[in-house]
Amino acid sequence: MYTEQISMAIFGGSFMPPGLHHRVIAQRLVEQFDFTSIVPCWGRKDKDNGQSLITPELQKLLVELNFAGLSVDFDHFDLFAQVFTPTHKLDKRFSAIYPDRRIVHIVGTDLVKGGKNAVSQIHSWVRGVEIWESFHFGVVVAEGTTFDLLDLPPQSQV
């Protein structure tokens, strides 16, 4: 657990559809962090997740129903602006709103795989090398999967 300052988990994803596994992850985040924000993203141009099949209002409803009863906040900016906010801009927005909180981005091991060789998916993001080196990450390990600890970003916890 991050203890040196107030910590805030940013759990972003398309959540198409939001599932029980997303809820389980959020439950664990609520236990580990001072604050947890669920951030459903709008569809990316490079990834068709079926989001164009439903309205932003319906997506918001599905997400909020899935996480109902958990002590989480929601950020629906992407849904209603119908844009995808890159991680570096998301971090900047949350850091400006919550300057007293350590912002921790929640990612799966699939996004850090290859990190030790600087070829993770995160490295390919806009400003990926900077994000890898300076952002804080919470890395979620799916049940039954393995990964190399050397692939973890410098400022991360599993």
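- Taken from CH2 in Trp42 to CD in Gln82, the straight-line distance is 4.0 Å, to the nearest 0.5 Å.
- Looking at Met8 and Thr36, their side chains never come closer than 4.5 Å, going by heavy atoms from C-beta outward.
- Using a 3.5 Å distance cut-off with no hydrogens or angles, the side chains of Asp73 and Ser37 do not pair a donor with an acceptor.
- Separation of atoms SG (Cys41) and CE (Met16) is listed at 10.0 Å; rounding is to 0.5 Å.
- Note on ring orientation: taking the six-membered ring where Trp is involved, the planes of His22 and Phe15 are perpendicular (angle over 60°, cut-offs 30° and 60°).
- Within the 4.5 Å cutoff, the side chain of Phe137 has no heavy atoms near those of the Ile106 side chain.
- In this structure, Arg101 forms a cation-pi arrangement with Phe35, its terminal cationic atom sitting closer than 6.0 Å to the ring centre and no more than 45° off the ring axis.
- A 4.5 Å side-chain heavy-atom check between Val158 and Phe147 finds at least one atom pair inside the cut-off.
- No continuous path of ILVMFWY side-chain contacts below 4.5 Å connects Val83 to Leu79, so the two sit in separate hydrophobic clusters.
- To the nearest 0.5 Å, atom CG of residue Asp151 and atom OG1 of residue Thr109 are 9.5 Å apart.
- Cation-pi check for Arg23 over Phe67 is not met; the charged atom does not lie both under 6.0 angstrom from the ring centroid and within 45 degrees of its normal.
- Within 6.0 Å of the CZ atom in Arg28, the count of heavy atoms belonging to other residues, nucleotides or ligands does not exceed 12.
- No chain of hydrophobic side-chain contacts below 4.5 Å, direct or via other Ile, Leu, Val, Met, Phe, Trp or Tyr residues, connects Phe77 to Ile103.
- Distance alone, capped at 3.5 Å, places no donor-acceptor pair between the Glu133 side chain and the Pro153 backbone.
- A distance-only check finds no donor-acceptor pair linking the side chain of Gln155 to the backbone of Trp132 [under 3.5 Å].
- Put simply, the side chain of Val63 reaches to within 4.5 Å of the side chain of Phe74, judged on heavy atoms.
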Would Arg102 and Asp34 satisfy salt bridge (Lys or Arg N to Asp or Glu O under 4.0 Å), going step by step from the backbone distance to the final call?
CA-CA 10 Å; Arg102 175 185 299 271; Asp34 299 306; over 6 Å; no
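- Both Tyr98 and Val39 are members of a single hydrophobic cluster when ILVMFWY side chains are connected at heavy-atom separations under 4.5 Å.
- Here the CD1 atom belonging to Ile10 is positioned 10.5 Å from the OG1 atom belonging to Thr87, to the nearest 0.5 angstrom.
- The salt bridge (Lys or Arg N to Asp or Glu O under 4.0 Å) check on Asp148 picks up Lys116, with sequence neighbours excluded.
- One side chain, His105 or Asp91, offers a donor N or O that lies under 3.5 Å from an acceptor on the other.
- Ionic pairing of Lys60 and Glu57 is not present here: no N-O contact between side-chain nitrogen and carboxylate oxygen is shorter than 4.0 angstrom.
- His76 and Gln59 form no side-chain donor-acceptor contact under 3.5 Å, judged by distance and modelled atom types alone.
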